[in-house]
2 protein chains.
Amino acid sequence: MATNDPAREGENLLFLTDEQLRKGIEAMFFAYRGFTADPDRILADYGLGRAHHRALHFIHRSPGTTVNNLLSILGVTKQSLNRVLRTLVEEGLVESRVGQRDRRERHLRLTEAGRTLEQRLSDAQRDRMRAAYRSAGPAAVAGFRQVLEAMMDEETRPSYETLRDGGG
Amino acid sequence: MATNDPAREGENLLFLTDEQLRKGIEAMFFAYRGFTADPDRILADYGLGRAHHRALHFIHRSPGTTVNNLLSILGVTKQSLNRVLRTLVEEGLVESRVGQRDRRERHLRLTEAGRTLEQRLSDAQRDRMRAAYRSAGPAAVAGFRQVLEAMMDEETRPSYETLRDGGG
DNA sequence: TTGGAATGTCAACAAGGCTGACGTATTCTT
DNA sequence: AAGAATACGTCAGCCTTGTTGACATTCCAA
């Protein structure tokens, strides 16, 4: 174990020990499970899955976004996303409009029902996040965000920083 | 948007606004993707998936752990875990020994090859975690961990706090 | 000896990833 | 105007990883 290797002293600033890193890795695993648990339960009632939640979330966040844009944010294939979007449109949760400037594009929006479901889902997820934030305090939250941002892929960070706005 | 609703003043301590919470939710999503990206690439070379990685990780962490114990940590069905374990045993990465005290139990250990792969995987994951920790600094790391721990389910937190030690 | 616990296994199914191929508008480029 | 490129949809098939349900085996304990 490199943990007790005195040769790497300069690097072993307490919070960089293998043990600390392992704890962080496990914390991510367990926390992510908690993070998705509440929405998953709600989605099950609708016969939908986590993939639908992600689509709803980002369409809600960027109304009028195009399929291609959503594709690059979610990082899945168009076939995969299409299956999800088809269901959402069929269920009357999402509306797909032909673009005005470029008629090849489809602009996506939540319907009233879609907004309602999205609200339920994000309320559940926010409740947990809020509770975690509250119990940890503002300083911890800042650190939390800093570490998460540093953990993203370089290419995905732009998607996070500023999601492209959908035309309309 | 409830964000600017002055009626909820007591609760709107800046870091609890809907906008802040949404950012946190998205940060979790994107960061988790980065978090798993490196191991996933390695696993693909071996024809293995993320489920195998999780099993390897926790077997490495608690050598001699039982199937049942692993089951409760991973939170999947025995059929699901069994499929994963069978592959790992077949590939010579994990060894399953009949328990001595209770011969119904199977105690799991990594083989030499298993240790090698686990090392490769966790090195990749730790590298990213280390980079994130380093760029964020010790205070941020403490906050990161605090928030993650608060975000876990009550029932899963014990698994995180102290993983049961495998006998044998 | 018998009930229950721990484990393994078979079968079937679903979600949600993937690749490849193809079709159809539409727009851009030459 | 013709052809290339783009945006999107769709069909078909495959994989991983989760789920249920049913059932066999082995072994511990009452």
Side-chain angles (χ1 to χ4, degrees), chain A residues 29 32-33 36-37 39-56 59 64-91 94-108 164 166-167, chain B residues 29 32-33 36-37 39-56 64-91 94-108 164 166-168:
Chain A
F29 169 62
Y32 197 79
R33 210 164 58 182
T36 54
D40 281 356
R41 271 188 286 272
I42 298 170
L43 287 158
D45 294 343
Y46 288 76
L48 301 175
R50 207 174 287 178
H52 302 95
H53 183 193
R54 291 197 282 263
L56 288 174
I59 293 171
T65 187
T66 64
V67 174
N68 240 4
N69 187 16
L70 203 51
L71 230 41
S72 72
I73 290 169
L74 295 174
V76 297
T77 60
K78 65 172 181 172
Q79 292 92 328
S80 217
L81 177 59
N82 186 255
R83 180 169 36 198
V84 167
L85 285 179
R86 200 190 314 158
T87 308
L88 292 175
V89 170
E90 279 168 5
E91 300 291 321
V94 164
E95 189 190 17
S96 170
R97 285 189 209 159
V98 170
Q100 290 186 328
R101 230 188 32 214
D102 186 337
R103 294 167 47 83
R104 288 170 305 181
E105 295 180 340
R106 299 299 130 90
H107 295 272
L108 305 167
R164 296 145 187 123
Chain B
F29 169 63
Y32 197 78
R33 210 163 57 183
T36 53
D40 281 356
R41 272 188 286 270
I42 297 170
L43 288 157
D45 295 344
Y46 287 76
L48 300 176
R50 208 174 286 178
H52 301 95
H53 182 194
R54 292 198 281 264
L56 288 174
T65 187
T66 65
V67 173
N68 239 6
N69 187 17
L70 203 51
L71 229 43
S72 71
I73 291 169
L74 295 175
V76 298
T77 60
K78 62 175 181 173
Q79 293 91 330
S80 212
L81 177 58
N82 186 256
R83 182 170 35 202
V84 167
L85 286 178
R86 198 191 318 156
T87 308
L88 292 174
V89 169
E90 279 169 7
E91 300 291 322
V94 165
E95 189 189 16
S96 170
R97 285 189 209 159
V98 170
Q100 290 184 329
R101 228 187 35 211
D102 186 338
R103 291 167 49 87
R104 289 168 303 182
E105 295 180 341
R106 300 298 130 92
H107 295 272
L108 305 167
R164 299 148 185 116

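FYI, side chains are in, hydrogens and waters are out, and symmetry mates aren't considered; it's all heavy atoms of this structure. Note on naming: letters A, B, ... go to the chains in the order of the sequence lines (proteins, then strands), and numbering restarts at 1 for each one.
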Self-check item: Closest to the B:Q79 side chain, choosing from D:dT17, D:dT20, C:dG16
Solution: D:dT20
Quiz item: Listed in order of residue number, which residues of residues 40-49 of chain A have a non-hydrogen atom at under 4.0 Å from DNA chain D?
Solution: none
Quiz prompt | Phosphate-side-chain proximity, B:N82 and C:dT9, N/O vs OP1/OP2 below 4.0 Å | solution = yes
Exercise. For B:G99, answer base if it contacts any base atom (sugar-phosphate contacts may also be present), sugar-phosphate if it contacts only those atoms, and nothing otherwise; contact means non-hydrogen atoms under 4.0 Å.
Key: nothing
Quiz prompt | Given DNA chain C, 5'-ward residue of the pair B:N68 and A:R50, judged by closest heavy atom | solution = B:N68
Quiz item: Does A:F29 have any ring pair (Phe, Tyr, Trp, His ring centres under 6.0 Å) partners at least two apart in sequence or in another chain, and if so, which?
Solution: B:F58
Exercise. Would you please name every residue forming a salt bridge (Lys or Arg N to Asp or Glu O under 4.0 Å) with B:E105, sequence neighbours left out?
Key: none
Quiz item: With sugar-phosphate meaning primed atoms plus P, OP1 and OP2, does A:R83 contact a base, only sugar-phosphate, or nothing at under 4.0 Å between heavy atoms?
Solution: base
Quiz item: Which pairs with one or both residues in residues 40-55 of chain A pass salt bridge (charged side-chain N to carboxylate O under 4.0 Å, His left out), sequence neighbours excluded?
Solution: A:D38-A:R41, A:D40-A:R50
Short N/O separations, protein against nucleotides 23-30 of chain D, under 3.5 angstrom:
{"unit_1": "D:dC27", "atom_1": "OP1", "unit_2": "B:R103", "atom_2": "NH2", "d": "3.2"}

N/O donor to acceptor pairs below 3.5 angstrom from side-chain atoms of residues 78-88 of chain B, sequence neighbours left out:
{"unit_1": "B:N82", "atom_1": "OD1", "unit_2": "B:R86", "atom_2": "NH2", "d": "3.3"}
{"unit_1": "B:T87", "atom_1": "OG1", "unit_2": "B:R83", "atom_2": "O", "d": "3.0"}

Quiz item: Between C:dG17, D:dT19, C:dG8, which one does the side chain of B:V76 approach most closely?
Solution: D:dT19
